[in-house]
A.B. asks: 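The structure under discussion is supplied below as structure tokens; questions concerning it will follow.
Computed from a predicted model, the values in this text were never measured in an experiment. Reckoned from all heavy atoms, side chains included, excluding hydrogens, waters and symmetry mates. One-based numbering, in listed order, for ligands and for the atoms of each.
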Amino acid sequence: MIGYQNIIDNIAKAAKKNKDKGKIASYIPELASIDINKFGIHLIDADNNNFSTGDALEGFSIQSVSKVLSLAHSFGLVGNDLWKRIDVEPSGDPFNHLSLLELENGIPRNPFINAGAIVVADILVSHLKNPKKDFLNFVQKLANDKTIRYNEKVALSEKKTGFRNYAAANLLKSYGNLINDVDTVLDFYFHQCALEMNCKQLASAFFIFMNHGKCQRGKSYLNINQVKRINALMLTCGFYDEAGEFAFEVGLPGKSGVGGGIVALLPNTYCIATWSPGLNPKGNSKLGMAALEELTTRTGHSIF
Ligand code: GLN
């Protein structure tokens, strides 16, 4: 048996001492006051054993990590029709860039850049009766935790400052790739990004991606092909213009958020969430990436 607890404890110890923790995202004002010293890891293995260290049970803003959960929900609802409106190629661009969207006539490169996630949000707004409530319910069920909530302050803070997301939504609308109105879709999108979860809840919610679509309680949410596709997208697009670097250093499918969270998984083996709020210049958690690199190096286990 691999000594996961020992490995993550050592990673956390080294991270606490590391002085170069990156920079907190301040473009969403409500995120700017988070303590940069927070650091947590939670790992769940395929037999449902849990390993936790540091601030793993403290909630934080999951931001773009939510894009995998919204993709999973919409993929389950509309199947492959999704790919008529969103491509599956890495963008090589930062998450909020718009130039490719115009060049490619309103079809976002992938579901994890903001424009792609806004189209996914549009699909959920079209298909769910009470979009925000139903999506929250879906996430609570995946994580088997009814306490998960939206942080309304974070959602409002992003609504007030989300000029680029308004630009993306308006551009999509002008190309006919947004069915509902811009404000309704962005209200949903800002809320999904403002989900507050801790590392344990995130690792639990992502369990389906390492377990052929089945959650920890055995219920099936996605089929094997859908899981394959979502994992492929996490590997190729989960870290925007740093997806190559993450695959190179860590070698796992994963997804980051500007709240400092990262979730990554090794199919059939484990699912792990890290939280360290300081970001590198590409908007990915600096110490979270380093922690995952250390984990796959120490265990010798990656998808490669
Ligand atoms: N809500 C953020 C935004 O739209 C999410 C970005 C991220 O986590 N990369 O800008």
A.B. asks: Counting C-beta onward and ignoring hydrogens, is there a side-chain heavy-atom pair between Ile107 and Lys84 closer than 4.5 Å?
C.D. replies: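 Counting from C-beta outward, Ile107 and Lys84 never come under 4.5 Å.
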A.B. asks: Do side-chain atoms of Ser91 reach the backbone of Arg109 as a donor and acceptor pair under 3.5 angstrom?
C.D. replies: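 Such a contact is absent between Ser91 side chain and Arg109 backbone.
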A.B. asks: For atom CD of Glu152, decide whether the heavy atoms of other residues, nucleotides or ligands shown that lie under 6.0 angstrom number more than 12.
C.D. replies: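 Yes.
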A.B. asks: Just wondering, are more than 12 heavy atoms of other shown residues or ligands nearer than 6.0 Å to NZ in Lys16?
C.D. replies: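 Enclosed: over 12 neighbouring heavy atoms sit under 6.0 Å from NZ of Lys16.
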A.B. asks: Honestly curious: do Ile262 and Val139 fall in one hydrophobic cluster under the side-chain, below-4.5 Å linking rule?
C.D. replies: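 No; tracing contacts between hydrophobic side chains, which count when under 4.5 Å, never links both residues.
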A.B. asks: Inspect the surroundings of NZ in Lys132 and state if more than 12 heavy atoms from other residues, nucleotides or ligands are less than 6.0 Å away.
C.D. replies: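 Counting neighbours around NZ of Lys132, more than 12 heavy atoms of other residues, nucleotides or ligands fall under 6.0 Å, so yes.
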A.B. asks: When you pair each N or O of ligand 1 with protein N or O atoms, which pairs come out under 3.5 Å?
C.D. replies:
| unit_1 | atom_1 | unit_2 | atom_2 | d |
| --- | --- | --- | --- | --- |
| ligand 1 | 1 (N) | Gln63 | OE1 | 2.6 |
| ligand 1 | 1 (N) | Glu158 | OE1 | 2.9 |
| ligand 1 | 1 (N) | Glu158 | OE2 | 2.7 |
| ligand 1 | 4 (O) | Asn114 | ND2 | 3.0 |
| ligand 1 | 4 (O) | Glu158 | OE2 | 3.0 |
| ligand 1 | 4 (O) | Asn165 | ND2 | 2.9 |
| ligand 1 | 4 (O) | Tyr189 | OH | 2.7 |
| ligand 1 | 8 (O) | Ser64 | N | 3.1 |
| ligand 1 | 8 (O) | Ser64 | OG | 2.6 |
| ligand 1 | 8 (O) | Val258 | N | 2.8 |
| ligand 1 | 9 (N) | Ser64 | OG | 2.9 |
| ligand 1 | 9 (N) | Tyr240 | OH | 3.2 |
| ligand 1 | 10 (O) | Tyr27 | OH | 2.6 |
| ligand 1 | 10 (O) | Asn114 | ND2 | 3.4 |

